[in-house]
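First up is the structure itself, then whatever we jot down about it.
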Amino acid sequence: MTASAAYLELVADVLRPSGSVVVRRMFGGAGIYRNGLMFALVADDVLYLKFDTQTAEHFAGEGLEPFVYEKDGRQVAMSYRRAPERVFEDPDEALLWARRAFDAAIRSAAPKIRPRRQPGRRGLNAR
């Protein structure tokens, strides 16, 4: 997994209109962050954007494949999918897709709300 300096500069320029972005090299590739949240990654000079259940249909409808890496001899898919090539040609498309990815990163980072137990109740077997 690699990420050339020229490609990372291009990605930063394309995504910058969505907000201040920071590129951090990692494992030969790079993570793309905004406000401390990773919303994109670059591997082998390919841009992948964060997705979740709310945005998956946009990626699937475009036939955009997930980022996959090998671990212990098996393929592991992450919650990032390839960005459509038009994000590099159309600033409006870049902004739209970057917002989708950042919103997915926000939702992913949000604390999961668990139902609270009612005071004084200890469970089914309590006496």
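Excluded from the calculations below are hydrogen atoms, water molecules and symmetry mates; all remaining heavy atoms, backbone and side chain alike, are included.
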Exam field: side chain [X] to backbone [Y], donor-acceptor pair closer than 3.5 Å:
| X | Y | answer |
| --- | --- | --- |
| Tyr80 | Val68 | no |
| Asp92 | Leu95 | no |
| Asp44 | Val46 | no |

### Message
Could you check whether Asp13 pairs with Arg16 (Lys NZ or Arg NE/NH1/NH2 to Asp/Glu carboxylate O, under 4.0 Å)?
### Response
yes

### Message
If you take the centroid of each ring, where Trp contributes its six-membered ring, are Phe67 and Tyr48 closer together than 6.0 Å?
### Response
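Yes; Phe67 has its ring centre under 6.0 Å from that of Tyr48.
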
#### Entry: Ring centre gap for Trp97 and Phe59 strictly below 6.0 Å
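Yes: the rings meet the under 6.0 Å criterion.
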
Of all the heavy-atom pairs spanning [X] and [Y], show the shortest one and how long it is.
| X | Y | answer |
| --- | --- | --- |
| Ala12 | Val21 | O-CG2, 3.9 Å |
| Asp45 | Ser4 | OD1-N, 2.8 Å |
| Ala30 | Ala3 | N-CB, 4.4 Å |
| Leu15 | Ala98 | CD2-CB, 3.8 Å |
| Phe39 | Ser18 | CZ-OG, 4.4 Å |
| Ala94 | Val14 | CB-CG1, 3.6 Å |

Taking the side chain as everything from C-beta on, heavy atoms only, tell me whether [X] gets closer than 4.5 Å to [Y].
| X | Y | value |
| --- | --- | --- |
| Leu64 | Pro84 | yes |
| Leu47 | Tyr7 | yes |
| Lys50 | Ser79 | yes |
| Asp103 | Thr55 | no |

Please round to the nearest 0.5 Å and tell me the distance separating atom [atom1] of [X] and atom [atom2] of [Y].
| X | Y | atom1 | atom2 | answer |
| --- | --- | --- | --- | --- |
| Arg100 | His58 | CZ | NE2 | 4.0 Å |
| Gln54 | Arg107 | CD | CZ | 4.0 Å |
| Ile32 | Met38 | CD1 | CE | 8.0 Å |
| Arg74 | Tyr69 | CZ | OH | 7.5 Å |

#### Entry: Intermediate values then yes/no, side-chain contact (heavy atoms from CB on, under 4.5 Å), Val11 and Phe88
CA-CA 8 Å; Val11 166; Phe88 295 100; 4.2 Å; yes

### Query
Counting only heavy atoms not in Glu65, do more than 12 sit closer than 6.0 Å to its CD atom?
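More than 12 within 6.0 Å, yes.
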
### Query
Are more than 12 heavy atoms from other residues, nucleotides or ligands located less than 6.0 Å from atom CZ of Arg86?
yes

### Query
Think Arg34 forms a cation-pi with Phe102, using NZ or CZ under 6.0 Å from the six-ring centre and within 45 degrees of its axis?
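Yes; both conditions hold, so Arg34 lies above the ring face of Phe102.
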
